[in-house]
Amino acid sequence: MNYWLLKSEPDVWSWDQQCKVKSAEWDGVRNYQAAANLRAMRVGDEAFFYHSNIGKEIVGIVRVVKEFYTDPTDEIGKFVCVDVAAVRPLKRAVTLAEIKAKPVLSNIALIRQSRLSVMPITSEQWNIILKMSDK
DNA sequence: GCCAACGTTGGC
DNA sequence: GCCAACGTTGGC
């Protein structure tokens, strides 16, 4: 199983909204690298839910419940989306500033490719961030 | 509000 | 196919 990180602007789609629904379509991705990551997701993979712009922190964990299919919001039909469901909130949100301050996380795509909205997370990075959310 | 990073578009 | 111009993302 693989780990991922999904970015969302909370005034467009927030963690609270995600929690209120059984599952949600992760649509609107219009970047090839992000789309390639969506295509690589498998049912059961888990992803951090990150609030960009407002908050700038990882707030929860979602699980992929439906693998990629053509994004219905894309008129050209080139891009894909997946469905995700909330698993649980983090005990404590982990901020971008904290992640930046950790040398072991300096390779994370969140920092290295600040504009990418769907990115892979290594199991090592996943566990470090989970541990940070526990304190 | 600004700007760096970076992706896309279009003229040549 | 190159690259300048432009648009968008997202942190600060």
Looking at residues at least two apart in the chain, or sitting in another chain, which of them share a side-chain contact (heavy atoms from CB on, under 4.5 Å) with A:E124?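 Applying side-chain contact (heavy atoms from CB on, under 4.5 Å) to A:E124 gives A:T122, A:I128.
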Under the side-chain contact (heavy atoms from CB on, under 4.5 Å) rule, collect the residues that match up with A:D134, sequence neighbours excluded.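 Checked A:D134 against side-chain contact (heavy atoms from CB on, under 4.5 Å); matches are A:K91.
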Using a 4.0 Å heavy-atom cut-off to protein, can you give one letter per nucleotide of nucleotides 6-12 of chain C, 5' to 3': B if the base is in contact, S if only the sugar-phosphate is, - if neither? -BBBBBB
With sequence neighbours left out, what residues match A:Y32 under ring-ring contact (aromatic ring centres under 6.0 Å, His included)?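 For A:Y32, the residues satisfying ring-ring contact (aromatic ring centres under 6.0 Å, His included) (neighbours in sequence not counted) are A:F79.
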Taking only residues two or more places apart in sequence, or in another chain, which ones meet A:W126 in a ring-ring contact (aromatic ring centres under 6.0 Å, His included)?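 Partners of A:W126 by the ring-ring contact (aromatic ring centres under 6.0 Å, His included) criterion, ordered by chain and then number, come out as A:Y3, A:F48.
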DNA chain C contacts made by residues 75-84 of chain A, counting heavy atoms under 4.0 Å: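 Under 4.0 Å from DNA chain C: no residue of residues 75-84 of chain A.
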Considering only residues two or more places apart or on different chains, which pairs with a residue in residues 47-58 of chain A satisfy side-chain hydrogen bond (donor to acceptor under 3.5 Å, both in side chains)?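 The answer is A:E9-A:N53.
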Donor-acceptor contacts, no H, no angles, side chain residues 114-121 of chain A, under 3.5 Å, sequence neighbours left out:
none

Of all pairs that satisfy salt bridge (Lys or Arg N to Asp or Glu O under 4.0 Å), the ones with a partner from residues 60-79 of chain A, not counting sequence neighbours: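 Applying salt bridge (Lys or Arg N to Asp or Glu O under 4.0 Å) to every pair that reaches into residues 60-79 of chain A, excluding sequence neighbours, yields A:R30-A:D71, A:R42-A:E67, A:E46-A:R63.
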